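What follows is one structure encoded as structure tokens, with my remarks underneath.
Atoms considered below: every heavy atom in the structure, side chains included; atoms not considered: hydrogens, waters and symmetry mates. As the structure is a computational prediction, the values presented were derived from the model and not from experiment. Residue numbers start from 1 in every chain, and the chains themselves are labelled A, B, ... in the order their sequence lines are given, proteins ahead of strands.
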Number of protein chains: 2
Amino acid sequence: MSYRRPDIVARAVEVLDTYGLADLTMRRLGGELGVRPSALYHHFASKQTLLAAVADEVLARGRAPRDTPPDTVPDGSWDDRVVAVCTELREAMLAYRDGAELVATVHAFGLGAAAPGRDLAAALADSGLDPALAGTATRTLLHFVFGHTLDEQTHLQAGSAGAIEDQPRERSDFAAGLGIVLDGIRLRCRVAPPPRG
Amino acid sequence: MSYRRPDIVARAVEVLDTYGLADLTMRRLGGELGVRPSALYHHFASKQTLLAAVADEVLARGRAPRDTPPDTVPDGSWDDRVVAVCTELREAMLAYRDGAELVATVHAFGLGAAAPGRDLAAALADSGLDPALAGTATRTLLHFVFGHTLDEQTHLQAGSAGAIEDQPRERSDFAAGLGIVLDGIRLRCRVAPPPRG
DNA sequence: ACCTGAACACCGTTCAAGT
DNA sequence: ACCTGAACACCGTTCAAGT
């Protein structure tokens with residue numbers, strides 16, 4: 001049974017948060033679990049597969065509890081939902097050391113971390129945009145959130161001293177950047193020209 | 001004299017393009033140069049420093065020849081120049097295997113690849129945007145170009161077979177995504193409402 | 001100044017063999 | 001089914017010693 005997989009992933013999250021992504025090695029994780037590194041290959045085909053599972057776990061933990069059942073249509077306007085998904089994604093990655101680097105890498109290589117993209121696509125499906133443009137918009141939003149949060153976390157972790165005054169600047173920068181992308185999208189989903197005044 | 005540094009970087013670009021970023025190791029590069037790996041540490045303090053130099057070389061080679069002297073104000077409207085810088089950045093990274101991964105990583109860690117950011121900031125300085133927003137806009141554009149091109153190059157290199165039909169789809173997707181971000185920026189730099197008609 | 005030789009402290013992955 | 005033991009083919013980096 002794949003019954004120990006969750007335990008291995010949970011330990012891997014601990015190692016990630018404590019020592020960083022560079023020190024999350026198969027040998028170190030094995031040592032932490034009291035097991036030879038080769039034993040891990042009975043549960044995961046490769047290190048990349050393991051990292052994908054860790055990225056998905058980080059995202060799952062950062063997911064706000066939804067009071068609506070899974071197959072209910074989410075409430076709120078499509079753009080409010082886009083902001084919610086992007087904000088949640090950023091916060092999920094910031095919650096663990098090197099979280100942004102891990103999730104962005106796993107996503108870039110197509111191994112996992114696909115949930116935020118699905119959520120964004122679902123929200124944009126209600127925007128009235130044609131499917132091709134909605135796909136472009138989804139990817140553009142993801143690139144923004146990944147890129148911004150990677151920068152933010154790198155700078156945050158670089159100087160633990162100056163982190164106190166960097167945090168608010170970056171926080172508003174996230175909102176401002178997201179606003180830029182979102183307005184560009186909004187401009188394309190009105191069939192009629194925007195109302196003047 | 002640092003007279004061999006350019007030779008080392010040139011060889012490193014060859015190794016990158018032939019074998020990929022994962023195989024661009026100090027040991028392999030040393031072997032390619034007929035030298036022990038430890039000899040490289042007389043020219044570069046670390047592998048990261050070397051990679052930064054390689055990234056800057058890739059960007060320099062992709063730079064279109066400018067017929068204007070360095071300290072001349074570039075011609076064209078600010079947004080045309082933004083499109084030019086982003087297009088050139090994408091093409092420079094696509095010109096070498098794993099170019100996007102290399103340049104994006106070096107930039108994220110703040111080790112190099114700073115020229116495109118400077119060029120974008122210079123263009124946006126003429127947009128009438130206030131400096132803080134211009135900084136946000138610069139970073140948002142960079143995140144888009146890095147993220148898009150990383151995706152594009154990964155998919156391009158994954159299937160060499162289907163690359164023929166993927167290329168045009170991605171090419172127009174780049175223009176479309178850039179258009180979204182650029183329109184969001186334009187919306188913020190008009191003090192007066194846009195002229196109707 | 002530039003490079004060698006040799007070492008240090010690691011990696012991911014495979015696989016026969018044990019239980 | 002799950003893990004050990006041992007190996008294979010590598011890493012980045014340091015540093016005394018050579019020329």
Side-chain angles (χ1 to χ4, degrees), chain A residues 1-57 97-98 101-102 105-106 108-112 154 158, chain B residues 1-57 97-98 101-102 105-106 108-112 154 158:
Chain A
M1 325 283 110
S2 59
Y3 154 66
R4 330 231 27 190
R5 266 181 68 117
D7 306 334
I8 297 174
V9 171
R11 271 281 216 224
V13 173
E14 277 179 45
V15 173
L16 173 74
D17 201 43
T18 309
Y19 304 103
L21 184 57
D23 285 345
L24 176 46
T25 66
M26 299 301 266
R27 299 179 107 99
R28 170 145 222 161
L29 179 57
E32 211 82 15
L33 289 161
V35 113
R36 294 278 121 120
S38 56
L40 297 171
Y41 288 87
H42 271 265
H43 303 279
F44 297 93
S46 65
K47 190 189 179 184
Q48 288 202 326
T49 310
L50 207 215
L51 289 182
V54 176
D56 282 330
E57 175 65 18
R97 202 213 297 196
D98 294 338
E101 195 186 343
L102 170 70
T105 302
V106 165
F109 284 70
L111 303 165
T154 302
Chain B
M1 324 286 110
S2 58
Y3 153 67
R4 331 234 22 193
R5 265 181 68 117
D7 306 333
I8 296 174
V9 170
R11 271 280 215 224
V13 172
E14 277 179 44
V15 173
L16 173 73
D17 201 42
T18 310
Y19 305 102
L21 184 57
D23 285 345
L24 176 46
T25 66
M26 299 301 265
R27 300 180 107 99
R28 170 146 221 162
L29 180 57
E32 212 83 13
L33 289 161
V35 113
R36 295 276 119 122
S38 57
L40 298 172
Y41 288 86
H42 272 264
H43 304 278
F44 297 92
S46 64
K47 190 189 178 183
Q48 287 202 325
T49 311
L50 205 216
L51 289 182
V54 176
D56 282 330
E57 175 65 18
R97 202 214 298 194
D98 293 339
E101 194 186 344
L102 171 69
T105 302
V106 165
F109 284 70
L111 304 164
T154 302

Looking at every non-hydrogen atom in both residues, tell me the closest pair between [X] and [Y] and how far apart they are.
{"X": "A:H43", "Y": "A:R5", "value": "O-NH1, 3.1 Å"}
{"X": "B:I8", "Y": "B:F44", "value": "CG2-CE1, 3.7 Å"}
{"X": "B:V54", "Y": "B:A12", "value": "CG2-CB, 3.6 Å"}

Counting just side-chain N and O atoms, does A:H43 come under 4.0 Å of either OP1 or OP2 of D:dA1?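 So the side-chain polar atoms of A:H43 never come under 4.0 Å of the phosphate oxygens OP1 or OP2 of D:dA1.
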Once side-chain contact (heavy atoms from CB on, under 4.5 Å) is applied, do any residues pair with A:Y19, and if so which ones, sequence neighbours excluded?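 For A:Y19, the residues satisfying side-chain contact (heavy atoms from CB on, under 4.5 Å) (neighbours in sequence not counted) are A:V15, A:D23, A:R28, A:E32.
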Can you list the residues that meet the side-chain contact (heavy atoms from CB on, under 4.5 Å) rule with B:S38, with sequence neighbours excluded?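 If we apply the side-chain contact (heavy atoms from CB on, under 4.5 Å) test to B:S38, skipping adjacent residues, the hits are B:R36.
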Would you compute the distance between atom [atom1] of [X] and atom [atom2] of [Y] and round it to the nearest 0.5 angstrom?
{"X": "A:L16", "Y": "A:R97", "atom1": "CG", "atom2": "CZ", "answer": "8.0 Å"}
{"X": "B:L33", "Y": "B:L40", "atom1": "CG", "atom2": "CG", "answer": "6.5 Å"}
{"X": "A:E14", "Y": "A:L24", "atom1": "CD", "atom2": "CG", "answer": "11.5 Å"}

In which ranges does DNA chain D form stems of 3 or more consecutive Watson-Crick or G-U pairs, distances under 3.5 Å?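 For DNA chain D the paired stretches long enough to count as stems (3 pairs minimum) are C:4-8 with D:12-16, C:12-16 with D:4-8.
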Member of B:D56, B:L51, B:V106 meeting the side chain to side chain contact (heavy atoms under 4.5 Å, CB included) criterion with B:L111: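 Running side chain to side chain contact (heavy atoms under 4.5 Å, CB included) over B:D56, B:L51, B:V106 with B:L111 returns exactly one hit, B:V106.
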For A:L40 and D:dG5, give me the distance from atom CG to atom C1', rounded to whole Å.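 Taking atom C1' of D:dG5 as the reference, CG of A:L40 is at 15 Å.
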Expressed as a whole number of Å, how far does the P atom of D:dC10 sit from that of C:dA9?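 Pairwise P distance, D:dC10 against C:dA9, rounds to 23 Å.
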Taking the C1' atom of each, how far is C:dC8 from D:dC11, in whole Å?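 Result for the C1' pair: 12 Å, nearest Å.
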Per-nucleotide protein contact along nucleotides 6-19 of chain C, 5' to 3', at a 4.0 Å heavy-atom cut-off (B base, S sugar-phosphate only, - neither), is -B---BBBBB----
So which of residues 29-36 of chain B are in contact with DNA chain D, with a heavy-atom cut-off of under 4.0 Å?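 Here the set is empty: none.
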Can you list everything that forms a side-chain hydrogen bond (donor to acceptor under 3.5 Å, both in side chains) with A:T49? Sequence neighbours excluded, please.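 side-chain hydrogen bond (donor to acceptor under 3.5 Å, both in side chains) check on A:T49 returns A:S46.
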